[in-house]
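Down below is the structure, laid out as structure tokens.
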Amino acid sequence: MAGFLSLARRLYLTLYNWTVFAGWIQVLYLAVKTLRESGHEQVYNAVERPLLLAQTAAVLEIVHGLVGLVRSPISATLPQIGSRLYLTWGILWSFPQIQTHILVSSLVISWCITEIIRYSFFGMKEALGFAPSWLSWLRYSTFLLLYPTGIASEVGLIYVALPFIKASEKYCIRMPNKWNFSFDYFYGAILAIGIYVPGGPHLYSYMLRQRKKVLSKSKKE
Amino acid sequence: MKVSVVSRSGKELVKGGLDLSDSATVADLQEAIHRRTRKFYPSRQRLTLPLQPGSKEKPIVLNYKKSLEDYCHGNLDHLTVVFKDLGPQVSYRTLFFFEYLGPLILYPIFYYFPVYQYFGYKEERVILPVQTYALYYWCFHYFKRIMETFFVHRFSHATSPLSNVFRNCAYYWSFGSYIAYYVNHPLYTPVSDLQMKIGFAFGLLCQVSNFYCHLLLRNLRSPDGNGGYQIPSGFLFNIVTCANYTTEIYQWLGFNIATQTFAGYTFLVVAAAIMTNWALAKHRRLKKLFDGKDGRPKYPRRWVILPPFL
């Protein structure tokens with residue numbers, strides 16, 4: 001019974017990782033193709049459906065952590081996936097005025113490469129029990145460049161969206177109401193940018209430590 | 001007796017070690033370390049006995065009141081202790097004072113000053129009676145807490161890391177401002193007159209009970225702060241281990257019943273969660289300490305913090 005369960009777990013996680021991997025491959029293909037053929041203004045339109053799908057599928061990773069399918073704690077996955085969902089749904093999807101911005105291209109390409117490497121890394125691990133060393137080198141090295149470009153694009157896009165957020169009054173709750181509560185999406189966005197300031201370097205230094213740990217271990221073996 | 005002081009990486013902290021009399025206490029050792037290092041005053045120091053390499057056990061922390069002999073295990077010539085720097089320390093009184101001073105000053109600013117003009121509300125603000133009562137209730141609460149800090153509480157630990165001051169002040173000051181913003185808002189919607197009276201009356205009752213709980217807790221410890229842990233008893237402590245937290249939580253509930261803001265209820269939930277963690281730890285410690293064996297009293301069956309739930 002236990003053997004069957006662990007087999008089912010591995011089968012499911014393999015399937016999950018490779019499915020999302022395929023999703024990100026599609027996003028990258030469409031993004032590069034559109035970028036070459038019609039320019040960066042069209043990139044969002046071309047990738048919207050697969051991008052939203054692949055990024056939203058990451059919610060399952062939080063679920064996996066919660067039910068104990070994988071070991072990563074939700075305190076680590078929740079902020080990462082939360083910020084991604086905020087950007088895809090809360091900024092890009094909600095404010096079409098910024099969808100033609102050039103930062104969308106750098107954002108999508110940074111995300112794609114990171115995710116393609118990450119999901120294939122985990123997909124290999126679940127399917128074979130190990131990942132080839134070149135893949136784990138990629139997993140723990142590409143972030144050196146792709147995190148700065150990705151995070152800069154994220155912050156840049158929130159910043160570009162600010163005037164549209166303010167003008168639209170979307171997702172705002174105003175006083176007066178019975179529970180004396182109000183919410184302003186504009187200030188929420190400024191707060192989000194504020195969180196990136198300590199959050200970005202924190203994540204980067206965490207990955208640097210991971211890199212040192214993982215790569216020095218694989219050298220010894 | 002020769003005492004070697006090493007850091008956790010094994011490096012010698014005090015060159016050549018320290019020579020102390022055989023009857024010296026841990027406090028004497030801490031003083032000696034302070035004299036030699038200058039930087040590390042006693043409350044900054046955490047001294048433990050060295051562990052066997054690879055051991056997963058928790059190290060034994062040296063108690064400053066005990067004598068060094070108690071840790072020597074027969075070998076009275078030489079003792080090795082492991083030193084850890086706990087970072088800059090402040091007294092608990094300082095910590096609490098700055099925590100509570102923020103809300104006490106920030107809340108009235110929202111009531112008395114035309115701050116809402118800067119949030120885009122240009123018209124003259126009409127102050128409702130509930131907002132005035134809430135101001136008095138709030139200020140009384142934090143005034144009481146500051147007075148208790150100086151004249152009632154006896155602390156089991158003398159100091160807290162300085163970094164806690166920044167963390168705790170950020171928590172109290174920002175929540176205080178967040179609640180004050182909504183309760184004093186020009187577009188504030190009050191609850192019914194009856195609900196307001198019930199809320200404030202219940203809250204006040206709980207504040208008085210909370211004060212009485214603090215007096216009872218104070219009397220468990222002797223004035224020199226060396227009381228250690230005792231079984232709390234009397235008044236609500238006969239039912240709940242942490243009656244002081246129970247009354248604190250319920251007095252915030254009273255304030256929220258009367259003022260009804262989302263911000264206030266959020267603070268209530270967060271505060272209750274934090275205090276529940278402390279209460280569970282204290283309950284566990286008391287149950288372990290008073291296990292009814294070897295002549296020790298047995299800890300009676302009690303609620304932890306929030307009867308009839310926990």
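Order of the sequence lines sets the chain letters (A, B, ...), proteins ahead of strands, with each chain counted from 1. These values consider heavy atoms only, across backbone and side chains, with no hydrogens, waters or symmetry-generated copies.
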If you round to the nearest 0.5 Å, how far is CZ of B:Phe262 from CG of A:Asn177? 10.5 Å
How about CZ on A:Phe183, more than 12 heavy atoms from neighbouring residues, nucleotides or ligands closer than 6.0 Å, or not? yes
Considering all heavy atoms of both residues, which atom of A:Pro176 and which atom of B:Thr189 are nearest to each other, and what is their separation? CB-OG1, 3.7 Å
Just wondering, more than 12 heavy atoms not from A:Lys212 lying within 6.0 Å of its NZ? no
What's the separation between atom OG1 in B:Thr261 and atom NZ in A:Lys178, rounded to the nearest 0.5 Å? 13.5 Å
Inter-residue atom distance A:Asn180.CG - B:His185.NE2, 0.5 Å rounding: 9.0 Å
Counting neighbours of CZ on B:Arg8 that are heavy atoms of other residues, nucleotides or ligands and sit closer than 6.0 Å, is the number greater than 12? no
Counting heavy atoms not belonging to A:Tyr171, are there more than 12 under 6.0 Å from its OH? yes
So does A:Trp93 have more than 12 non-hydrogen atoms from other groups sitting under 6.0 Å from CH2? no
Nearest 0.5 angstrom please: A:Ser182 OG to B:Phe119 CZ, how far? 9.5 Å
